[in-house]
Colleague: 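This structure is in structure tokens; I'll ask about it shortly.
Lettering follows sequence order; numbering is per chain, from 1.
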Number of protein chains: 2
Amino acid sequence: MTLDERKQKILQALIKDYISSAEPVGSRTIAKKYDLGVSPATIRNEMADLEDLGYIEQPHTSAGRIPSDRGYRYYVDCLMKKKRLTEEEQKTILSKYKIKVRDIGNVLQVTNNIMSNITNYTSIVLGPQFNQSNLRHVQLVPLDNDKALVVVVTDNGMVQTKMIDLPQTINDIDLQKISQIMNAKLQGLSLEDIKLTLIKEIYSELSKHKHIFNAAIDLIQETLNLNHEDKVYLAGTLNILNQPEFRDIKKVKTLLSLLEQEKVLMEILSDKCTPEEGINVKIGGENTVEGLQNCSTITATYQIDGRVIGSVGVIGPTRMDYEKAVTIVEFMTQHLSLMMRDFYR
Amino acid sequence: MTLDERKQKILQALIKDYISSAEPVGSRTIAKKYDLGVSPATIRNEMADLEDLGYIEQPHTSAGRIPSDRGYRYYVDCLMKKKRLTEEEQKTILSKYKIKVRDIGNVLQVTNNIMSNITNYTSIVLGPQFNQSNLRHVQLVPLDNDKALVVVVTDNGMVQTKMIDLPQTINDIDLQKISQIMNAKLQGLSLEDIKLTLIKEIYSELSKHKHIFNAAIDLIQETLNLNHEDKVYLAGTLNILNQPEFRDIKKVKTLLSLLEQEKVLMEILSDKCTPEEGINVKIGGENTVEGLQNCSTITATYQIDGRVIGSVGVIGPTRMDYEKAVTIVEFMTQHLSLMMRDFYR
DNA sequence: TTTAGCACTCGACTAGTTAGAGTGCTAACA
DNA sequence: TGTTAGCACTCTAACTAGTCGAGTGCTAAA
């Protein structure tokens with residue numbers, strides 16, 4: 001469905017005005033502020049048409065109009081022009097990454113904070129998911145006589161450790177030997193491979209040290225299973241308190257409760273009705289998550305070598321500055337992809 | 001300052017009523033609900049006295065009275081009788097600890113959740129602080145030809161790892177040797193000791209592998225410096241949204257912003273005007289943290305072998321159920337102390 | 001097709017009124 | 001002397017009109 005030019009202009013003006021004012025917009029306001037060369041009466045007629053078509057609606061008879069979900073959708077798809085950040089803005093953003101980075105988590109957190117600060121909405125970041133990680137190294141490190149540390153390293157750089165008790169009968173050389181055997185047999189394998197075949201084989205070789213071997217295998221399984229940064233970062237939750245649509249404490253509570261649940265955040269980020277690549281905008285009722293019908297979400301993925309490994313998103317009221325939010329989200333994912341490549345080489 | 005019995009009874013009744021209703025309490029209500037054997041008129045006289053003494057106040061002429069900070073203080077110090085949890089309640093709480101505990105963090109989180117759930121206020125937990133931790137073990141684990149993992153273990157069970165690049169010239173045996181030397185020289189030492197004396201000594205022995213040695217020392221320093229669970233856990237922040245005193249979105253924002261800052265949480269927990277042991281109740285204006293004047297905090301410490309290593313607290317409106325909150329906080333710290341002892345043996 | 005004019009609608013605001021809760025004071029009572 | 005009943009008084013919350021202004025839809029003229 002395409003609208004004639006004047007209707008488009010009116011719709012655009014209305015949405016723009018509503019986004020910044022949060023008040024229903026009347027025909028007069030549009031005629032005055034936006035130079036369309038026609039009188040309020042004409043605009044009224046056009047607005048009546050737009051309402052019939054479902055792009056805008058009227059809260060009550062004597063109020064102005066506000067965009068409907070459908071109106072926003074049309075705006076996002078057809079009217080909004082994508083901006084690029086200016087050099088200036090890019091610099092400001094990139095300067096915030098100049099911190100001591102201990103692990104990838106820091107990078108994600110900084111990213112998250114930048115997004116929520118600039119957009120003034122809530123933002124979420126999902127850490128990289130490697131659907132298959134393989135065992136790179138396993139090592140038993142003797143600590144005291146009766147304790148050792150199992151260290152497991154995966155090929156995507158994740159390290160996990162676990163303390164275990166040792167039986168008296170074992171010495172450092174045994175531990176070294178066990179490590180060697182496990183590495184020889186298991187290195188490079190995925191969780192499935194490890195489970196499937198080799199356990200028994202090693203079992204016989206290491207039958208004497210069943211206890212230790214079991215502990216090590218446990219940790220290996222746990223580590224390979226644990227999807228690394230399977231963690232969702234959340235930032236700027238309090239920003240919603242600035243939005244006039246959340247003046248009602250009940251609404252605040254509903255939304256904040258939702259955002260507390262990792263499951264929900266995952267759902268927001270992974271809900272892929274549109275292609276995996278590019279920006280994904282969900283407006284109001286388009287959100288499948290119950291209770292998010294007054295919000296819009298803008299999500300996008302970041303990649304390594306074209307492979308999607310994680311995603312980020314922004315959550316705001318339906319009356320959201322889509323132009324700005326989309327621009328930021330796009331820039332952030334692009335930059336994240338670059339940084340990921342550097343990080344994992 | 002001590003009050004006569006009838007005044008005490010009236011104050012107690014008033015506070016009790018106000019805690020549960022959040023509405024100013026009138027003389028009539030007290031006479032009807034609480035069987036004091038006197039008429040509302042008498043109670044009015046007594047209440048006028050109590051107001052003169054500063055224990056209660058009147059929001060406006062034709063309203064009932066509400067307790068002042070001073071009134072709450074008197075209640076907490078003199079009128080409130082400490083309860084113990086019933087066997088039943090204790091069981092319910094303890095059953096929640098039956099989860100797979102990977103590290104101490106889980107325990108603290110569960111504790112926090114229990115507290116906020118039962119009290120219906122916000123609760124915070126500060127992880128154990130060991131003011132001095134010593135190096136238990138350091139190990140270089142070869143991964144590939146050009147990478148190794150530095151593993152550092154402290155005597156209170158904290159493990160940190162870091163990936164380093166290796167020069168071509170080094171082999172596994174070298175790494176093993178370096179580990180041995182470092183352990184021989186540094187094991188059991190504190191950060192200060194390590195800094196002070198031995199660096200040079202080892203340096204000469206390991207001059208060939210300066211690069212690796214430096215990386216290891218870096219991690220050791222970082223690890224010993226990092227105060228283990230130097231982390232504050234926060235739970236039940238949304239509970240404040242149920243409190244009628246936070247119907248105003250601005251107040252919500254102020255408080256939630258405060259609670260977002262770790263620094264503030266630390267301040268709440270570590271603000272020791274009263275002795276370290278036992279329960280510490282701060283009512284309204286007694287809180288030194290700016291913006292917390294409408295809240296009360298109840299904090300307490302947990303210990304190992306009588307040594308204070310961490311603290312927990314509950315934050316709620318001044319109109320708080322002190323009896324319940326104190327009981328819970330006390331129980332939780334006692335139980336935490338027990339669990340810590342088991343955990344760190 | 002556009003526009004000016006006009007009657008109409010509805011929410012926001014204001015002012016006035018009422019009902020009710022609670023107080024303080026006074027005088028009577030035990 | 002302490003307690004109580006009675007009463008006048010105060011103040012807020014809730015309700016009711018009444019007014020204003022923003023905005024609309026419709027009609028008729030340009």
Colleague: When you check the phosphate oxygens OP1 and OP2 of dG24(C), does a side-chain N or O of R65(B) lie under 4.0 Å from one of them?
Modeller: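 Answer is yes, contact under 4.0 Å.
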Colleague: Give A41(B) one of three labels, base, sugar-phosphate or nothing, depending on what nucleic acid heavy atoms sit under 4.0 Å from its own.
Modeller: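 Counting heavy atoms under 4.0 Å across all strands, the contact made by A41(B) includes a base.
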Colleague: Using modelled atom types only, decide if a donor and an acceptor are shared between the side chain of R319(A) and the backbone of I19(A) within a distance under 3.5 Å.
Modeller: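 Checking the backbone N and O of I19(A) against the side chain of R319(A), a donor-acceptor pair under 3.5 Å is found.
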Colleague: Report the distance from atom CD1 of I30(B) to atom P of dT23(C), rounded to the nearest whole Å.
Modeller: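 Those two atoms, CD1 and P, are 8 Å apart.
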Colleague: Does dT4(D) have OP1 or OP2 sitting under 4.0 Å from an N or O in the side chain of S39(B)?
Modeller: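 True: S39(B) side-chain N/O within range (under 4.0 Å) of dT4(D) OP1/OP2.
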Colleague: Measure from CD on E23(B) to P on dG20(C) and round the result to the nearest Å.
Modeller: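 It is 17 Å, rounded to the nearest whole Å.
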Colleague: Within this structure, what is the NE2-to-P distance between H60(A) and dG11(C), rounded to whole angstrom?
Modeller: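 Checked: the NE2 to P distance equals 5 Å.
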Colleague: Quickly work out the D49(B) CG to dT3(D) C1' distance and round it to whole Å.
Modeller: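 The answer, rounded to whole Å, is 14 Å.
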Colleague: Classify T61(B) by what it touches in the nucleic acid, base, sugar-phosphate, or nothing, heavy-atom distance under 4.0 Å.
Modeller: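 Sugar-phosphate, no base atom in range.
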Colleague: Check whether the side chain of R28(A) and the base of dG23(D) form a donor-acceptor pair under 3.5 Å.
Modeller: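 Between dG23(D) and R28(A), which were checked side chain against base, a qualifying N/O pair under 3.5 Å is absent.
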Colleague: Of the options dT12(D), dT4(D), dT3(C), whose atoms approach the side-chain atoms of T42(A) most closely?
Modeller: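 Closest of the options to the side chain of T42(A): dT3(C).
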Colleague: Specify the separation, in whole Å, of atom CD1 of I10(B) and atom P of dG22(C).
Modeller: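 Spelled out: CD1 on I10(B) to P on dG22(C) is 15 Å.
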Colleague: Any side-chain N or O of R6(A) less than 4.0 Å from the OP1 or OP2 oxygen of dT2(C)?
Modeller: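 Yes, R6(A) has a side-chain N/O under 4.0 Å of OP1/OP2 on dT2(C).
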Colleague: Look at the side chain of T29(B) and decide which nucleotide, out of dG22(C), dG11(C), dT3(C), has an atom nearest to it.
Modeller: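 Closest of the options to the side chain of T29(B): dG22(C).
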Colleague: Side chains of Y74(A) and Q8(A): do they bring a donor and an acceptor to under 3.5 Å?
Modeller: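 Present: a donor and an acceptor within the cut-off.
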Colleague: Between dG21(D), dT10(D), dT3(C), which nucleotide has the shortest distance from any of its atoms to the side chain of S62(B)?
Modeller: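 From the listed options, dT10(D) comes nearest.
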Colleague: For R44(A) and dA7(C), what is the distance between atoms CZ and P respectively, to the nearest whole Å?
Modeller: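 From R44(A) CZ to dA7(C) P: 15 Å.
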Colleague: Whole angstroms only, please: what is the CD-C1' distance between E46(A) and dG25(D)?
Modeller: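 In whole Å, dG25(D) C1' and E46(A) CD are 15 Å from each other.
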Colleague: Would Y322(B) and S296(B) count as having a side-chain donor-acceptor pair, cut-off 3.5 Å?
Modeller: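 A donor-acceptor contact under 3.5 Å links the two side chains.
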Colleague: Could you check how far CG of D4(A) sits from P of dT1(C), rounded to whole Å?
Modeller: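 Roughly 11 Å, once rounded to whole Å.
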Colleague: Is a donor on one side and an acceptor on the other found under 3.5 Å between the side chain of S311(A) and the backbone of A300(A)?
Modeller: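 Between the backbone of A300(A) and the side chain of S311(A) there is no qualifying donor-acceptor contact (under 3.5 Å).
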Colleague: Quick check against the 3.5 Å criterion: does N287(B) have a side-chain atom that pairs as donor or acceptor with the backbone of C295(B)?
Modeller: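 Yes, because the side chain of N287(B) sits within donor-acceptor range (under 3.5 Å) of the backbone of C295(B).
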